[in-house]
Every structure is written in structure tokens, then in C-alpha cells.
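A short write-up of the structure that comes next.
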Amino acid sequence: MNDTVYSVLQKRGFIEQVSDEEGLNKALEQKIVCYAGFDPTADSLHVGHLLPIMALVQMQKHGHRPIVLLGGGTAMIGDPSGKTETRKILSREEVIQNTESIRQQFIRYLDFETQDGALLLNNATWLEPLTYITFLRDIGRHFSVNKMLAAESYRSRLATGLNFIEFNYMLLQAYDFLHLYQTQKCILQLGGNDQWGNILAGIDLIRRMHGGTAYGLTLPLITTASGTKMGKTEKGAIWLDPKKTSPYDYYQFWINTDDRDVKRFLLLFTLLSIDEIEKLMAIAEQEGWNAVKRVLAFEATALTHGYTAAQHAQESARSVFYGDGFYLDSLPSTIFSFDKIRGGIPAFILFADTGLCASRSDARRLIDEGGGYVNNQRLKSFDEKINTSHIKDGVILLRAGKKKYHRVIIK
RNA sequence: GGAGAGGUACCCGAGUGGCCAAAGGGGGCAGACUGUAAAUCUGCUGGCGAUGCCUACGGAGGUUCAAAUCCUCCCCUCUCCA
């Protein structure tokens, strides 16, 4: 007997809370339609979105129909859940633009082509035409303000302040669920745990208006073993768009996973079977964690950027960390003219101009602290001149600290 | 609408005329140690070819030799009352 989706999701660590475990299990015996929403608040998805995506992937893998709901309408409002303060309201143009660029990114993960394949919808389609009075009468009357205020996502905001526009977010998300229930027979919503209240509101609305039954399942908030929110680094999010986070950096992000997180991440963010993952754990015991982290990084990169890009990233990493690392095109790089360095250019200016350092002052600091390298030779002074003698095969290899490499291509 | 409190760097938060590019903590970066891990210790953490100059304590003006600090107006947030 094959495992059901539910038990797979459970074993892999996808499940935080379920509205009605027994009922959902029963419902999952048939093919169902489920959805997860993604608000286009930026022009790319990031690693934080990966969990609901992978959950949808697992659903599709097990024969169910996933809907990707782009929040072109809800993004205009701004979800207060899990946020400590109101975020700035995006302009219409931004939302539309973001929606377009995010749309493309889902194609990698889900199959939208085959019959009954995944669907991609935008809630702006039905939210924008709503009229206020009608909405209040039809939908608004089903909501108890007392109940809403008791919801964690709002309660935590009462101290710091909650704007009325945000207060409405729950209604809109509930309405989305209702709409998908009516038009697509969608009976399950997946979402982050901070969405729990919003999801329940949808289930409730469906019951009140149609006497229908729907389910909700929330995914755990993924924090790393060291306690930080996953996928956020000081440089900002790890994006899924290769133009914003290169496949090489993406691969490096996964390689740098904390030992304690490796197994969990393999289960959540790769499609390797549970058996295979167990085997990898045995390998970690014998050969050390790096071997297994390479598998994690490769699999995760391949899912997001494709097999070839993952291979390139892996080769670059290997060459840079274990070889001389010169010929690798997937490292971040900048092209400079020969003229620029002909007369010799001070190292700190070069570091700043490539973007490897945020400013010249930053570059001076880095080099003063012994963290600046050219061709893997540590620089002694920030104004050391870099000139044509440093070019090897048309490239000067810069390095900041232990891991950040940058190629300067001289043309 | 009324009364009160407040807005300081990436975040929290001290500072109530000069010694303030602004204590302390967190975060981050670098170094050492390592396994491209974790933990620990040390240094750094606005910009500028730089023992100095410029910009910065919600915004705009003003007082002063000197303003994060005092005054005026404005904007925003919170608490209580309506």
C-alpha cells in the first residue's frame, strides 16, 4: 500500500496544524483541489515561499490538484499576520508588475500543462470588482469582530496598532477560499502557520454560506537551528529569481545549512524519498556532513534553477573551495575594461566597484581586517595596486572573507 | 475632538547645550579555531584616497560661538477619555 499524501506530509514535517485531521484524511481518499496563496509583495519569490510551494508539489505528486493563488488583490491591502507593524502599501503598478514576474516562477515546480494539472489564478480577478456595500452585506455580516480580535494575528497587533485596511485582510482571504470552493471545488487551503486564523475564517465562511465543509492545513514556521528565520540573511532574502540570487549563491545558501537542519531540509525541500534521505544520514555519520550538504544543495538548486544550473553551481563551488577556481563562469562576476586597470587600481576601489563591498570605506575595513584576497592571496594594505599582472586567463579573482568570491573579467 | 507619552544608526535602546559619528545589547562583517557546520574568543560595523572633511538623532525653520539636546510650526505612532 502506498502512503497517502497526508502521511507523507506528516513524515516529512510539513504539518503544523490541521483543522480536522480525521475529516481531511477521509477527504484525501479522493482527488481533491487545494490551494495556497502567495501575495506579490516583491518582484520575486524567496526561500521563505518554498515551503508552501513544496507542499503543493507533494499534493500534485500524489494526484491532487493544486491551485497557486496569486494575491494581486490582497497584496493591495497587506496582510498583518505575523508582522509587527504595518508595511507600506504597494502601489497598483507595483502589484501588477510583481504578479507578472512571480507568475513565471511557479512553472518550475508544478505541472500546469496536463489535464487537471495545477491552476494559476489571481484573486484580483474577483476581488477588484467587489463593491463595498454588497460585500459588507453578503460577507461582512458573517464575521464577528470579537472573534477577529481574539485571533492571534490581530491580538498581537493591538498593542502596537492595527490599521483598518489590514483588519479587512482576513475577510478577503476568507472570501478567496469561498470563491475557490464555489468555482473550483477547492476544499483545502495550505498556508504558513501565521495564516491559521485567516484559513479558519475561510472554512467558517464556507460553512455559513453553503453549509459546506472545507479544511485547513498549516505549515510550520521554519527557523534554523540557530534560531533565525530561514532564508533571511543580512543581504536580504534568498530569492528564487536567478537574476536576484544567482544559482551559485543559491547553492551556497544550502551548503551553509546548519548540521542540525540538514535532515529536516532534505525532507522538506527536496523530492528525495524518505528512504534515500535515511541513507544519506548514514553517509553523514561516516563521511561527514559536507557530502550530504552537497546533495541537499544540489537537489534544492536543481528544483529551482534546473539540473544544468545546479551542476554548474556545484562545479564552481568545488573548484573554488578545493581547486584553483579560475575558469568558472557561474561565480558572480563583473566585466571591466582593460583600460581601467592598466595603470593599476587600488585594491579597495576595485572591491567597492565590483559591488563585493558596499562602499570604499567598507572595502578598506575589510582589507584592514585581513579579509581581502586577490587570486587567493591575502592583501596587506587597502591601497595595494592591482594591475595587469594579476590577470590570469582574463580574470582577476577577488575574495571577501572565506566564502564570498567575485570574478573580475577583463576585456 | 481632548489629555498624556513618544519618534535616536539595520533592530531594540541610552543620551536633555560642547568631551557625540552618538553608551549598551541584538544582528551583521572580518580574524583565530574548524568541516564552506555549530560553539567560543578578538576586532570592526555612515560616507569620502581620510590624523581631516561631509552627511546624520521624524520634517521645516529659529536661538546660540556651539543643538540629538532649547524655542516655533508641521508630520507620524501609542495610551486614556469622547
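Numbers restart at 1 for each chain; the letters A, B, ... are given by sequence-line order, proteins then strands. The shown structure was predicted, so the numbers you read here are calculated from the model rather than taken from an experiment.
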Under a 3.5 Å limit on both distances, the Watson-Crick or wobble mate of B:rU55 is none

For B:rC80, what is the paired nucleotide under Watson-Crick or G-U wobble rules, both distances under 3.5 Å?
-> B:rG2

Given the C1' atoms of B:rC33 and B:rC41, what is the spacing between them in whole Å?
-> 9 Å

For the side chain of A:Ser361, counting heavy atoms from C-beta on, which of B:rA50, B:rA30, B:rU45 is nearest?
-> B:rA50

5′-ward residue of the pair A:Arg294/A:Gly371 relative to RNA chain B = A:Gly371

Side-chain donor or acceptor of A:Asp362 under 3.5 Å from a matching atom on the base of B:rG47?
-> no

Take the protein atom CZ of A:Arg157 and the nucleotide atom P of B:rC78, then report the distance between them rounded to whole Å.
-> 9 Å

What interatomic distance, in whole Å, is found between P of B:rG17 and the corresponding atom of B:rA68?
-> 13 Å

Pairing partner (Watson-Crick or G-U wobble, both distances under 3.5 angstrom) of B:rC10 | B:rG26

Answer with base, sugar-phosphate or nothing: what part of the nucleic acid does A:Ser359 contact at a heavy-atom distance below 4.0 Å?
-> sugar-phosphate

If you measure from the P atom in B:rG59 to the same atom in B:rU64, how many Å do you get, rounded?
-> 23 Å

In terms of side-chain heavy atoms of A:Trp289, which of B:rU36, B:rG35, B:rC44 is nearest?
-> B:rG35

Within less than 4.0 Å of OP1 or OP2 of B:rU36, is there a side-chain N or O belonging to A:Tyr322?
-> yes

Identity of whatever pairs with B:rC20 - Watson-Crick or G-U, under 3.5 angstrom = none

Base, sugar-phosphate, or nothing for A:Gly288, non-hydrogen atoms under 4.0 angstrom?
-> nothing

Between B:rC20 and B:rC57 - C1' atom distance, rounded Å = 10 Å

Integer angstrom distance from the P of B:rU79 to that of B:rC73 = 26 Å

Heavy-atom nearest nucleotide on RNA chain B taken for A:Asp383 and for A:Asp259; more 5' hit belongs to A:Asp259

Does a donor on one side chain and an acceptor on the other come within less than 3.5 Å for A:Gln173 and A:Thr74?
-> no

So, is A:Lys293 near the phosphate of B:rA38, with a side-chain N or O under 4.0 Å from OP1 or OP2?
-> no

Using a cut-off of 4.0 Å on non-hydrogen atoms, how would the nucleic acid contact of A:Arg378 be classed: base, sugar-phosphate, or nothing?
-> sugar-phosphate

Interatomic distance at P, B:rG47 relative to B:rA23, whole Å | 16 Å

Look at all strands and tell whether A:Leu158 reaches a base, only sugar-phosphate, or nothing, counting heavy atoms closer than 4.0 Å.
-> sugar-phosphate

Taking atom types as modelled and ignoring hydrogens, do the side chains of A:Ser381 and A:Asp383 form a donor-acceptor contact shorter than 3.5 angstrom?
-> yes

To the nearest angstrom, the NE2-P distance between A:His406 and B:rC29 comes to 18 Å

Let me know the distance between NZ of A:Lys403 and C1' of B:rG31, rounded to the nearest Å.
-> 14 Å

Taken to the nearest whole Å, CZ/A:Phe348 to P/B:rC44 is 20 Å

Check: A:Thr218/A:Asn193 side-chain N/O donor and acceptor closer than 3.5 Å = yes

Is any side-chain N or O of A:Asn290 closer than 4.0 Å to OP1 or OP2 of B:rG35?
-> no

Indicate, with a heavy-atom threshold strictly under 4.0 Å, whether A:Ala317 touches base, sugar-phosphate, or nothing.
-> base

Please give, in whole Å, the distance from B:rC48 C1' to A:Asp353 CG?
-> 14 Å

Report yes if a donor N or O on one partner sits less than 3.5 Å from an acceptor N or O on the other, where the partners are the side chain of A:Glu369 and the base of B:rG43; otherwise report no.
-> yes

Check whether any side-chain nitrogen or oxygen of A:Thr257 sits under 4.0 Å from OP1 or OP2 of B:rA37, and answer yes or no.
-> no

Just checking A:Ile255: base, sugar-phosphate only, or nothing, at a heavy-atom cut-off of under 4.0 Å?
-> base

Member of A:Leu28, A:Leu9, A:Val57, A:Val5 meeting the side-chain contact (heavy atoms from CB on, under 4.5 Å) criterion with A:His62 | A:Val5

Any strand: nucleotide that pairs with B:rU36 via Watson-Crick or wobble, under 3.5 Å = none

B:rC75 versus B:rC29 - spacing of their P atoms, nearest Å = 41 Å

If you measure only the distance, is there a donor-acceptor pair under 3.5 Å linking the side chains of A:Gln105 and A:His49?
-> no

To the nearest Å, give me how far apart CZ (A:Arg399) and P (B:rA30) are.
-> 10 Å

Parallel, tilted or perpendicular: rings of A:Trp254 and A:Tyr250 (30°, 60°) | perpendicular

Determine the contact category for A:Asp258: base if any of its heavy atoms lies under 4.0 Å from a base atom, sugar-phosphate if only primed atoms, P, OP1 or OP2 are that close, otherwise nothing.
-> sugar-phosphate

Base paired to B:rU72 (Watson-Crick or G-U; both N/O distances under 3.5 angstrom) | B:rA60

Please work out which of the three classes, parallel, tilted or perpendicular, describes the rings of A:Phe321 and A:Tyr405, given edges at 30° and 60°.
-> perpendicular

What nucleic acid atoms does A:Tyr405 come within less than 4.0 Å of, heavy atoms only: base, sugar-phosphate, or nothing?
-> nothing

Find the distance A:Arg260:CZ to B:rA37:P and express it as a whole number of Å.
-> 13 Å

Nucleotide B:rG31, atom P - distance to NZ of A:Lys380 in whole Å | 15 Å

Main-chain N/O of A:Thr41 paired to A:Asp39 side chain as donor or acceptor, under 3.5 Å | no

Any donor-acceptor pair under 3.5 Å from A:Thr125 side chain to A:Leu121 backbone = no

Expressed as a whole number of Å, how far does the C1' atom of B:rG1 sit from that of B:rU45?
-> 47 Å

Do A:Arg364 and B:rA50 have a side chain to base donor-acceptor pair shorter than 3.5 Å?
-> yes

Across all strands shown, which nucleotide pairs with B:rG31 by Watson-Crick or G-U wobble geometry, both distances under 3.5 Å?
-> B:rC41

